[in-house]
Amino acid sequence: MRLKYLITALLITLTAVGAFWLSDGNRMKEDLALWLGEQSGYQVEIEGNLDWQILGGLGLAAQDVRLIGEEEDIRVGSISLSANFGNLFQSLDDWQVKTLQINDAQIASGDSNVQISRLLLTDFRPNTMAPFQGSLSMATGAQGAAYPIQVSGMLRYVPESGTQAGALELLNTVVMTEFLEANCAGRITGGSGYQGPTIAEHTEDLVSIPTLYAADTTAQCDIQKMVLGDRPLPVSELKLSLQGGELEAGLTYPTFYQGDLQIDLDLTPEQGTLAWTIDVKGQGIDSSKVFGSDAGPRSWQAIVEVDASISATGNQLPALVSGAKGTGHVTSQSGYMDVSRVKVIISLLSQLAGKSDPTTDWGQRISYRELDATWTMQGQAHELDTKIDNLRWQMSGPIDLLADRLDLRGHISASAPGADDLIRMDPAFYDIPIPIKCAGTLADPGCATDREELTELVAQLFLNAQKRRLQDVIEDAVKDQLPEPLQDAAKSLLNLFKKD
């Protein structure tokens, strides 16, 4: 019986000593920080107060905690934990957490910055889905705008086992921002880490290259809402894979304005910078819903197919734009197009030439049977070639995408029309390149013809016509008035003038 009393007395004494020791958690800050560092791989510093609770389970509250890794610097304003007491005798991989709440945390990695206002995790244990929710914001670059994000869903931690790396899995995770709403699932594992030469990072960089190697990730999101500018886009699906620093992403629109659209991005680190490739393919797309407005006449209405590809190298926007290469091809079978600018040009040309105006019977829009447009770019140099039935529009010149300015020069021409072609004019103007220029913005290119150049064209056409008439008169005179032996010599002489 005395042994029973002795054991009870020892337990009471140990509990009292433990309660006294844990009543001032600051006595254990250094020991706890060292142990957490060994378990997590981070350098852990507890700069604020530390409070413990052992009655009713293990409880911990800490302020001003800092975790420093090779590529991350994490600062936490406050953290509170409620867990099983047995966790103290287990590794972090085996912890069972009742609640974990983090407030006012900041995660800096490269030029990206994530701020967590609040993160709550409940009923967390290894290999088991646990609910979580949080409010955070993300920014890139020193001057980057912060985008608030609300996130909630289920997560599961899968501990490392043998050769199998530990992983964090997400399921039914809802992400909401001002311009995006999505339901995502994915898996995150530790990355290989960047092992190349030292990279001088700048605030203007679009992506922190070492960050691409921090984790390997696969994810899939059903995007219910995406807003581009002030325009909502249709429902889409995003698939993403980040493996060994290389990012592949595909955005699929199964119902993109009546058709379907696929956008693929490949981002690969190369020699301290990034190689970008963007491919766009679409078919059955209603152009009027993409470019038109809900009110007023639409400038272009057709069901189109599009195929485009752009490649560039760099990690800052000016370098990407100046060195980008691209091609594009757009086709449509039948449609309607606004030809008001073409009407003005042909009407002015007819007026200067003293011809009747063929555009008086045209409407603002005309129907066409076939459209075929190609586009190429090399940096700011762009070339466009558009064929609409018997009308052809060729332009080239610089387009500054960053400044939203373009300055294109080229011409339009019309071949002799077929039975179903609506572009008709005086036969003298067929296959004649009519000069045109566009100087403005992408939204309002300001395309027009130069009246002086048009006047010179008409004058040249008039001179050519007069020259042909004179040649016809001379040829008739040679035939009627010169002896037959001299006619061949005279015709040879006239042919010399024709070549001029």
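FYI, side chains are in, hydrogens and waters are out, and symmetry mates aren't considered; it's all heavy atoms of this structure. In what follows, residues are counted from 1 in the order of the sequence shown.
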Subject >> Glu370 side chain near Ile388 side chain, heavy-atom distance below 4.5 Å >> reply: no
Original post:
Are side-chain heavy atoms of Gln258 and Lys289 found at a separation under 4.5 Å?
Top reply: yes
**OP:** Apply side chain to side chain contact (heavy atoms under 4.5 Å, CB included) to Leu180 and list each qualifying residue two or more places apart in sequence or on a separate chain.
**Re:** Thr177, Ile223, Met226
Original post:
So do Thr217 and Thr189 actually touch side chain to side chain, heavy atoms under 4.5 Å?
Top reply: no
Subject >> More than 12 heavy atoms from other groups under 6.0 Å of NZ on Lys387 >> reply: no
Original post:
In Å, rounded to the nearest 0.5 Å, how long is the span from OG of Ser288 to OH of Tyr257?
Top reply: 11.0 Å
Only pairs under 3.5 Å count here: list side-chain donor-acceptor contacts from residues 234-242, not counting sequence neighbours, and write none if there are none.
residue, atom, partner, partner atom, Å
Glu237, OE2, Gln220, NE2, 3.0

Original post:
Any side-chain heavy atom of Ile74 within less than 4.5 Å of one from Val76?
Top reply: yes
**OP:** Could you tell me the separation between the CG atom of Leu442 and the CD1 atom of Ile399, rounded to the nearest 0.5 Å?
**Re:** 6.5 Å
Original post:
Which atoms form the tightest heavy-atom contact between Leu121 and Pro131, and what is the distance?
Top reply: CD1-O, 3.5 Å
Subject >> For Lys281, salt bridge (Lys or Arg N to Asp or Glu O under 4.0 Å) partners two or more places apart >> reply: Asp307
**OP:** Using the test salt bridge (Lys or Arg N to Asp or Glu O under 4.0 Å), find all partners of Arg187 that sit at least two apart in sequence or belong to another chain.
**Re:** Glu169
**OP:** Using the test salt bridge (Lys or Arg N to Asp or Glu O under 4.0 Å), find all partners of Asp264 that sit at least two apart in sequence or belong to another chain.
**Re:** none
Subject >> Pair Gln63-Ser78, side-chain donor/acceptor within less than 3.5 Å >> reply: no
Original post:
Who are the side chain to side chain donor-acceptor pair (under 3.5 Å) partners of Asp266, not counting sequence neighbours?
Top reply: Thr268
Subject >> Closest approach of Ser287 to Val304 (non-hydrogen atoms, all atoms of both residues) >> reply: CB-CG1, 4.3 Å
**OP:** Determine the minimum heavy-atom distance between Leu50 and Ala62, stating which atoms define it.
**Re:** CD1-CB, 3.8 Å
Subject >> side chain to side chain contact (heavy atoms under 4.5 Å, CB included) against Ile278, all qualifying residues, sequence neighbours excluded >> reply: Ile263, Leu265, Val280
Original post:
Would you say the side-chain atoms of Gln150 and Ser135 include a donor-acceptor pair closer than 3.5 Å?
Top reply: yes
Original post:
Can you tell me how far the CD1 atom of Ile436 sits from the SG atom of Cys447, to the nearest 0.5 Å?
Top reply: 5.5 Å
Original post:
Is the shortest heavy-atom distance from the side chain of Thr173 to the side chain of Ser152 under 4.5 Å?
Top reply: no
**OP:** Considering only NZ, NE, NH1 and NH2 on the basic side and carboxylate oxygens on the acidic side, decide whether Arg392 and Asp385 come within less than 4.0 Å.
**Re:** yes
Subject >> CA sep, side-chain torsions, deciding dist, call: Thr218, Gln243, side chain to side chain contact (heavy atoms under 4.5 Å, CB included) >> reply: CA-CA 8 Å; Thr218 57; Gln243 304 292 326; 3.5 Å; yes
Original post:
For the residue pair Ala302 and Ser334, what are the closest heavy atoms and their distance?
Top reply: CB-O, 3.7 Å
Original post:
Asp407: what forms a side chain to side chain donor-acceptor pair (under 3.5 Å) with it, not counting sequence neighbours?
Top reply: Arg409
Original post:
Can Met395 and Glu383 be said to form a side chain to side chain contact (heavy atoms under 4.5 Å, CB included), step by step?
Top reply: CA-CA 6 Å; Met395 304 291 291; Glu383 293 185 2; over 6 Å; no
**OP:** Kindly say whether Gly244 contributes a backbone atom to a donor-acceptor pair with the side chain of Asp216 at under 3.5 angstrom?
**Re:** yes
Distance-only check: which donor-acceptor pairs under 3.5 Å involve side-chain atoms of residues 309-332, not counting sequence neighbours?
residue, atom, partner, partner atom, Å
Ser309, OG, Asp279, OD1, 2.8
Asn315, OD1, Leu206, N, 3.4
Asn315, OD1, Val207, N, 3.1
Asn315, ND2, Val207, O, 2.7
Gln316, NE2, Asp205, OD1, 3.1
Ser322, OG, Pro318, O, 3.0
Ser322, OG, Ala319, O, 3.2
His329, NE2, Asp372, OD1, 3.2
His329, NE2, Asp372, OD2, 3.3
Ser332, OG, Tyr368, OH, 2.8

Subject >> Separation of Leu120 CG from Thr99 OG1 (nearest 0.5 Å) >> reply: 7.0 Å
**OP:** Decide yes or no for Met129 and Leu155: does some side-chain heavy atom of the first lie under 4.5 Å from some side-chain heavy atom of the second?
**Re:** no
**OP:** Could you grab the distance from atom CZ of Phe132 to atom OG1 of Thr122, nearest 0.5 Å is fine?
**Re:** 11.0 Å
Original post:
Under 3.5 Å, is there a donor-acceptor pair between the side chain of Asn390 and the main chain of Ser415?
Top reply: yes
**OP:** Measure the spacing between CG of Asp400 and CG of Leu406 and express it to the nearest 0.5 Å.
**Re:** 10.0 Å
Original post:
Is there side-chain contact between Gln283 and Asp260, with at least one heavy-atom pair below 4.5 Å?
Top reply: yes
Original post:
side chain to side chain contact (heavy atoms under 4.5 Å, CB included) between Thr211 and Ile209: does it pass, once the steps are laid out?
Top reply: CA-CA 5 Å; Thr211 302; Ile209 295 178; over 6 Å; no
**OP:** Would you mind reporting whether Asn127 and Arg125 have side-chain heavy atoms less than 4.5 Å apart?
**Re:** no
**OP:** State which residues pass side chain to side chain donor-acceptor pair (under 3.5 Å) with Glu45; sequence neighbours excluded, sorted by chain then number.
**Re:** Gln43
Subject >> Intermediate values then yes/no, side chain to side chain contact (heavy atoms under 4.5 Å, CB included), Thr374 and Thr386 >> reply: CA-CA 6 Å; Thr374 59; Thr386 303; over 6 Å; no
Subject >> Residues in ring pair (Phe, Tyr, Trp, His ring centres under 6.0 Å) contact with Phe256, at least two apart in sequence or another chain >> reply: Tyr253
**OP:** Check side chain to side chain contact (heavy atoms under 4.5 Å, CB included) between Leu136 and all other residues, then give those that pass, not counting sequence neighbours.
**Re:** Val114, Ile116, Met138, Ile149, Val151
**OP:** Show your working on side-chain hydrogen bond (donor to acceptor under 3.5 Å, both in side chains) between Gln115 and Ser137 and close with a plain yes or no.
**Re:** CA-CA 5 Å; Gln115 296 196 14; Ser137 62; 4.7 Å; no
